Amino acid sequence: MALLSKNSQYNRLHRSAPKYMDEDFLLQGDFAKRLFHDFAKSLPIIDYHNHLPAAEIARNHKYANCTEIWLNGDHYKWRAMRTLGVDEKYITGNAPDEDKFTKWAETVPYTLRNPLYHWTHLELQRYFGIPNLLDGSTAKPIYRATQEQLQQDEFRTQGLLKKMNVSVVATTDDPIDDLSHHFKFQKENQEIRLLPSFRPDKAYALENPKEYRKYLSLLGESVDHEIRTYSDLIQALDQRIHFFDKLGCTIADHGLEQFHNFDLGDFDAPHLFERVSIGEQLSPREIAYFKFETLVHLCRSYHKIGWAQQFHLGALRNTNKKMLTKLGPDTGFDSIGDFPQAKPLAHFLNFLDATNQLTKTIIYNLNPSDNEVFASMIGNFNDGSIKGKIQFGSAWWFLDQKEGMERQLNSLSSLGLLSCFIGMLTDSRSFLSFPRHEYFRRILCNLLGNDVENGELPADEKWLGKIVSDICYHNAKDYFGF
């Protein structure tokens with residue numbers, strides 16, 4: 001980073017900082033500290049699922065200030081601000097950026113025991129070297145100090161990734177995306193791998209026939225032929241799978257409330273498609289079947305091409321219809337759902353496995369009551385062909401916090417093999433979210449370190465260090481073939 005002036009906001013802040021979140025943050029014992037500092041801390045980051053904009057990576061975007069890079073689009077922070085009574089103009093409205101940042105700063109002290117409190121201060125330290133606590137009194141100098149640093153080339157998007165030692169970024173991309181930004185970046189950059197992931201949710205989202213027909217038109221443009229039939233749809237999706245594969249894609253992802261129990265032929269998918277194409281509204285049961293059959297086709301294609309597939313299950317989305325109309329989706333009005341998961345998930349995985357067409361699969365739950373369900377489910381379909389073929393994914397969304405991570409790790413340890421786990425991801429839209437990998441690594445090392453201190457594991461530093469290194473990096477590298 002270019003040297004800042006002696007009178008900079010950064011230097012004045014650093015001199016006045018209280019001690020908080022030191023190098024042994026979250027590490028309670030000596031063994032845990034050694035596991036983290038010697039085996040986890042310096043490993044590269046493989047972020048195999050996130051929502052970062054590939055365009056901003058490819059053009060090496062420079063952010064004007066911390067509001068732009070840190071607050072815009074972050075519905076975690078927005079929910080906290082709304083809860084504290086902050087007016088919407090300071091959240092998604094047209095208030096000046098510095099005023100928005102100040103309102104967030106005033107909110108931070110009240111987020112204690114929420115992961116936002118830890119994340120906020122980790123991000124200020126790791127990216128900007130600012131150890132101060134963020135609150136109303138430090139808002140202005142921290143805003144100015146971060147703005148000062150963001151003008152340096154090292155704080156453009158690619159520099160931020162390098163700063164966090166990120167080796168692989170797998171974005172989340174719709175089948176209609178032309179992936180031009182991935183192509184551009186791959187030609188110009190050899191230090192970081194920017195790879196697409198295939199997210200075809202809109203291809204089977206029949207709930208709104210008008211919007212679905214618009215999407216089919218766009219999908220048709222991407223494959224240079226009109227999509228008039230269900231067969232055309234499947235052919236188009238297969239074309240896009242092969243297109244993504246050529247750009248290095250090895251992962252598909254799907255966001256679903258739940259799976260459903262069907263057999264092929266329970267409904268007529270081509271006829272359902274035809275009805276939607278003329279604007280007819282289908283029943284919830286018919287829509288569920290269409291998703292089932294389309295997913296079967298997709299998952300068989302993933303198996304054939306050798307991809308891994310991810311299923312994020314259990315989100316109750318867009319519950320506040322007034323705010324959905326006003327602000328759109330992904331603005332902070334989703335929550336944990338209580339959908340039945342066990343039987344339909346088992347049925348779907350078994351349906352694919354019965355014909356030897358179940359590829360590497362990662363399942364994520366949003367309801368913590370399903371932890372043991374998912375942790376036990378993966379053992380039903382691990383067949384010895386691949387280490388950890390079926391994975392219980394990392395704590396996701398509302399569970400992506402200290403207790404949620406510990407519960408996921410404990411459930412996986414008790415009912416599966418923690419040693420085969422492929423570890424953490426950010427699932428984020430922010431370039432300042434990568435310290436979540438460090439957060440996870442500290443929690444993992446502390447968990448194992450405490451077991452050693454309690455006499456529940458042997459004090460074999462070399463062996464446990466290898467397990468930590470595998471979970472934090474090597475397992476994911478091998479699993480995805482990066």
Side-chain angles (χ1 to χ4, degrees), residues 35 39-40 46 48-49 251 253-254 256 258-259 299 303 308-314 340-353 358-397 399-425 427 437 440-441 443-452 454 456-458 460 463-481:
L35 285 177
F39 297 98
I46 292 176
Y48 56 87
H49 175 68
I251 309 169
D253 182 48
H254 313 80
L256 303 165
Q258 63 180 135
F259 285 103
C299 293
H303 176 269
Q309 58 192 10
Q310 301 179 100
F311 297 104
H312 288 83
L313 301 168
Q341 299 290 359
K343 280 190 174 181
L345 174 57
H347 175 79
F348 187 78
L349 296 178
N350 182 66
F351 193 92
L352 295 170
D353 191 59
L358 178 60
T359 194
K360 291 177 289 187
T361 302
I362 311 163
I363 52 176
Y364 305 84
N365 65 297
L366 196 55
N367 192 323
S369 66
D370 291 323
N371 274 9
E372 282 71 28
V373 171
F374 281 48
S376 64
M377 184 70 70
I378 63 175
N380 299 338
F381 299 99
N382 274 314
D383 56 13
S385 62
I386 300 168
K387 176 184 174 182
K389 176 181 176 181
I390 313 300
Q391 292 274 333
F392 175 27
S394 63
W396 168 49
W397 200 343
L399 308 185
D400 182 10
Q401 25 78 6
K402 183 174 180 288
E403 182 181 9
M405 291 183 195
E406 289 174 342
R407 289 181 65 175
Q408 188 269 348
L409 290 168
N410 284 328
S411 296
L412 178 56
S413 300
S414 298
L415 300 174
L417 293 184
L418 177 64
S419 57
C420 296
F421 183 38
I422 58 174
M424 185 58 178
L425 48 88
D427 190 31
H437 282 265
F440 166 82
R441 292 174 181 185
I443 290 167
L444 171 67
C445 291
N446 190 62
L447 203 66
L448 294 174
N450 282 344
D451 284 350
V452 172
N454 295 334
E456 297 175 43
L457 285 174
D460 187 337
W463 175 246
L464 290 177
K466 178 186 183 303
I467 298 299
V468 165
S469 298
D470 286 347
I471 294 170
C472 295
Y473 176 71
H474 296 289
N475 285 346
K477 185 176 188 294
D478 294 341
Y479 190 82
F480 296 110

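These numbers were taken from a predicted model, which means no experiment stands behind them.
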Step by step, work out the side-chain contact (heavy atoms from CB on, under 4.5 Å) result for Gln408 and Phe421. CA-CA 11 Å; Gln408 188 269 348; Phe421 183 38; 3.6 Å; yes

Spell out, as yes or no, whether a donor-acceptor pair under 3.5 Å connects the side chain of Thr361 to the backbone of Thr359. yes

When you compare the side chain of Met377 with that of Leu345, does any pair of heavy atoms fall below 4.5 Å? yes

Specify the closest pair of heavy atoms between Ala40 and Val468, including all atoms of both residues, with the distance to one decimal. CB-CG1, 3.7 Å

For Trp397, side chain to side chain donor-acceptor pair (under 3.5 Å) partners two or more places apart: none

Would you say His312's side chain and Ile363's backbone share a donor-acceptor pair under 3.5 angstrom? no

Is there a side-chain contact between Trp463 and Pro458 (heavy atoms, below 4.5 Å)? no

Which distance, rounded to the nearest 0.5 Å, do you find between the CG of Leu352 and the NE2 of His347? 9.5 Å

Using the salt bridge (charged side-chain N to carboxylate O under 4.0 Å, His left out) rule, collect all pairs that involve residues 405-419, keeping only residues at least two apart or in two chains. Lys402-Glu406

Any donor-acceptor pair under 3.5 Å from Asn350 side chain to Ala346 backbone: no

State, yes or no, whether a side-chain contact exists between His49 and Ile251 at a heavy-atom distance under 4.5 Å. no

Can you tell me which residue among Leu417, Leu349, Leu412 is in a side-chain contact (heavy atoms from CB on, under 4.5 Å) with Ile378? Leu412

Leu457 versus Val452: any side-chain heavy-atom pair under 4.5 Å? yes

Backbone N or O of Val373 within a donor-acceptor pair of the Gln341 side chain at under 3.5 Å? no

Distance col, row Tyr473:OH vs Ile422:CD1, nearest 0.5 angstrom, shows 14.0 Å

Evaluate Lys477 against Ile46 for side-chain contact (heavy atoms from CB on, under 4.5 Å), listing each step before the verdict. CA-CA 7 Å; Lys477 185 176 188 294; Ile46 292 176; 3.7 Å; yes

Aromatic contact between Tyr479 and Tyr48, with the criterion being ring centroids under 6.0 Å apart: yes or no? no

Worked check of side-chain contact (heavy atoms from CB on, under 4.5 Å) between Asp400 and Met424: CA-CA 10 Å; Asp400 182 10; Met424 185 58 178; 3.4 Å; yes

Nearest 0.5 Å, what's the SG-CZ distance between Cys420 and Phe392? 15.0 Å

Value for CG (Asp353) from CD1 (Ile390), rounded to nearest 0.5 Å, stands at 7.5 Å

Side chains of Gln309 and Leu358: closer than 4.5 Å at any heavy-atom pair? yes

Give a yes or no answer on whether the side chain of Ser419 reaches the backbone of Ile467 with a donor-acceptor pair at less than 3.5 Å. no

Rounded at 0.5 Å granularity, tell me how far CG in Leu418 sits from CG in Leu448. 6.5 Å

So, for Asn371 and Ser411, which heavy atoms are closest and what is the spacing to 0.1 Å? CB-OG, 3.5 Å

Taking everything shown except Lys343 itself, do over 12 heavy atoms lie less than 6.0 Å from its NZ? no

Is the backbone N or O of Leu415 less than 3.5 Å from a side-chain atom of Glu372, with the two atoms forming a donor-acceptor pair by type? no

Checking Asn410 against Leu447 for the side-chain contact (heavy atoms from CB on, under 4.5 Å) test, could you report, in this order, the C-alpha distance in whole Å, the side-chain angles of both residues, the deciding distance, and whether it holds? CA-CA 9 Å; Asn410 284 328; Leu447 203 66; 3.8 Å; yes

Test item: Met405 and Phe440 side chains (from C-beta on) under 4.5 Å apart, heavy atoms: yes

Measuring from atom CD1 of Ile443 to atom CD of Gln401, what distance do you get when rounded to the nearest 0.5 angstrom? 8.5 Å

Residue pair Leu399 / Tyr364, side-chain heavy-atom distance below 4.5 Å: no

Quick one: are Phe39 and Leu464 in side-chain contact, heavy atoms under 4.5 Å? no

Is it the case that the side chain of Gln391 and the backbone of Gly393 share a donor-acceptor pair, with hydrogens and angles ignored and the cut-off at 3.5 Å? no

Taking the inter-plane angle between the rings of Phe311 and His254 on a 0 to 90° scale, is it parallel (under 30°), tilted (30 to 60°) or perpendicular (over 60°)? parallel

For Leu444 and Cys472, the nearest pair of non-hydrogen atoms, with its separation, is CD2-SG, 3.9 Å

Spell out, as yes or no, whether a donor-acceptor pair under 3.5 Å connects the side chain of Gln258 to the backbone of Pro340. yes

Would you find a donor on one side and an acceptor on the other, under 3.5 Å apart, between the side chain of Asp470 and the backbone of Asn475? no

